[in-house]
Every structure is written in C-alpha cells, then in structure tokens.
Amino acid sequence: MGSNSLRLILFFSVLFTLALIEFVVPYRKRILKRKDRWVSNFFLIAIANLLVKISVPVGLIAFSDLFREKGYGLLNVIEVNFYVSIIISLVLLDFLIYVQHIISHKILFLWKFHRVHHTDIDLDVTSALRFHPIEILFSILYKLFFIFIFGISSESILIFEIILSSMAMFNHSNIHLPKRFESALRMFIVTPQMHIVHHSVKKYESDKNFGFNFSFWDRIFKTYIKNFEGSDKIGQNHFRKIKDQSLKSLLIQPFLKIKVK
Ligand SMILES: [Zn+2]
C-alpha cells in the first residue's frame with residue numbers, strides 16, 4: 001500500500017471515529033445544524049486534499065529526497081542517528097507551525113486567509129482542515145523552505161503530516177472529555193478544550209493557544225490561556241450569518257473589503 005492510501009485510510013478513520021464520539025458525547029450545543037456547515041467544510045477539505053494535499057506531500061517528499069541526495073540541509077550535513085533525526089524533526093516542525101500560526105494572525109494579508117478557518121461558528125472535527133486553499137499553498141511553501149534549511153527527511157514529513165491532521169481533527173472536535181483526564185492530557189498535547197479558546201470572538205483570546213500538537217510551546221512563549229474568560233462565543237463577529245458559511249462566501253472572504261481585522 002502506498003503512503004498516500006495509508007494517509008487517506010487513516011484520515012477517514014480518525015474523521016469517522018471523532019464524528020461518532022461527537023454524536024455520542026458532545027461538548028457544546030451546536031448553534032447551526034451540521035448540514036449548514038458540513039457541505040462547505042467538506043468541499044474545502046476536498047479542494048485541499050484533491051488539489052494540494054495529495055499532490056504536495058508527495059511533492060514535499062520528492063523535494064526532501066532530492067535535498068538528501070544533494071546533501072542540502074542541516075540534518076543531511078551533520079551525522080545524526082536516523083531515529084534521533086526523526087524526533088528532532090517532529091519537534092522542530094511542530095515548533096515551526098506554531099510560529100507560522102502566530103504569523104498568520106499578526107500579518108493582515110495572511111490573517112484574511114486564516115480568518116476563513118476562524119469563521120466557523122461551531123467547532124467540530126470538520127473545522128480542523130477547513131482552510132482556504134491559498135492558505136494551504138502558503139503553508140506548503142513555508143514547510144518546503146524549512147525542509148530545505150534543516151534537511152528534514154521524507155519519513156519525518158510523512159509521520160508529521162499524519163500526526164498533524166489527526167491532532168487537528170482531535171483538538172477541533174466537539175467531544176466531551178472528563179475534566180481530570182483533559183487536564184492531564186493538556187500538560188502534553190493540545191486538547192479540544194484548550195484549542196477552542198483560540199477560536200473565541202475576542203481577539204485577546206484568539207491571540208492565545210496557537211499550538212497544534214504539543215501544548216508546551218504556548219506555555220514557554222506565554223501565549224497560553226486556560227479557559228474562556230468571559231463568554232464562550234466563537235467565530236468572527238463580522239461573519240455570523242448562515243450565508244457566511246457557504247462555500248462561495250468562504251472562498252471570496254479574504255478578498256472582501258471590511259474595516260475591522
Ligand atoms: Zn488560528
């Protein structure tokens with residue numbers, strides 16, 4: 001079985017399992033019905049997967065193999081044990097996408113694309129990969145740059161992409177976790193209850209909890225917030241109508257002229 005089929009099988013298994021748990025033990029009451037968001041979310045996920053995600057990990061992997069062959073990148077220059085280099089790469093990639101996430105909130109041009117992800121007024125497993133296709137392209141170029149600089153191996157990229165998409169589905173999912181279990185888990189990884197605060201309508205809350213996998217980056221760099229501090233309203237104040245969730249609205253949203261961030 002090719003690595004792409006493995007990724008797709010894993011992807012749909014995680015998606016299906018989390019959607020089922022959401023149905024059995026939901027965390028929050030939904031504002032909109034699933035059908036009002038899921039069509040757009042699935043279309044965006046499909047566009048991402050078909051246009052970019054399927055071709056590009058292969059592309060990133062091909063580039064990574066090329067860099068290894070040519071001896072480019074830090075990890076291809078220094079002698080490191082293969083398994084150690086995978087661990088270093090996974091931690092490094094997680095840190096790099098934490099930084100990328102902060103940048104995509106701070107630079108207005110990038111925020112306009114990232115805002116599409118934040119427009120979802122309910123969070124569930126389908127929100128996890130609902131990104132504007134252009135943001136996905138940016139993120140691929142960003143990763144490619146660091147794969148080149150650090151000489152990250154194709155094995156590391158594949159493992160990281162699988163962990164990242166599974167973790168994103170987990171920490172956007174609307175599932176209830178027992179409180180003590182959630183607090184213990186949160187010491188190491190980003191839980192749904194930690195990540196949802198990042199989707200708050202309030203900017204000082206959405207400027208927190210940027211992590212995707214490990215929860216310690218936010219603690220180390222002081223971008224951590226434990227809970228919602230006022231209301232627990234999520235989404236974007238400018239885009240709260242059902243029509244704002246349509247596929248067309250989401251695709252054109254970055255190009256709209258609106259006054260506020
Ligand atoms: Zn964000």
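Counting convention: from 1, in listed order, for ligands and their atoms alike.
- Remark: Arg34 does not engage Asp122 in a salt bridge, criterion side-chain N to carboxylate O under 4.0 Å.
- Between Lys208 and Glu229, no side-chain nitrogen of the basic residue sits less than 4.0 Å from a carboxylate oxygen of the acidic one, so the salt-bridge criterion is not met.
- Of the candidates Arg37, Arg130, Arg240, Gln245 forms a side chain to side chain donor-acceptor pair (under 3.5 Å) with just one, namely Arg130.
- Between the side chain of Ser215 and the backbone N or O of Arg186 there is at least one donor-acceptor pair closer than 3.5 Å.
- Both Trp217 and Phe150 belong to a common hydrophobic cluster when Ile, Leu, Val, Met, Phe, Trp and Tyr are linked at side-chain heavy-atom distances under 4.5 angstrom.
- Annotation: protein N, O or S atoms under 2.8 Å of the Zn ion (ligand 1) (waters excluded) comprise His101 NE2, His105 NE2, His114 NE2, His118 NE2, His198 NE2.
- Outside the 6.0 Å centre-distance limit, the rings of His117 and His132 are not counted as a close aromatic pair.
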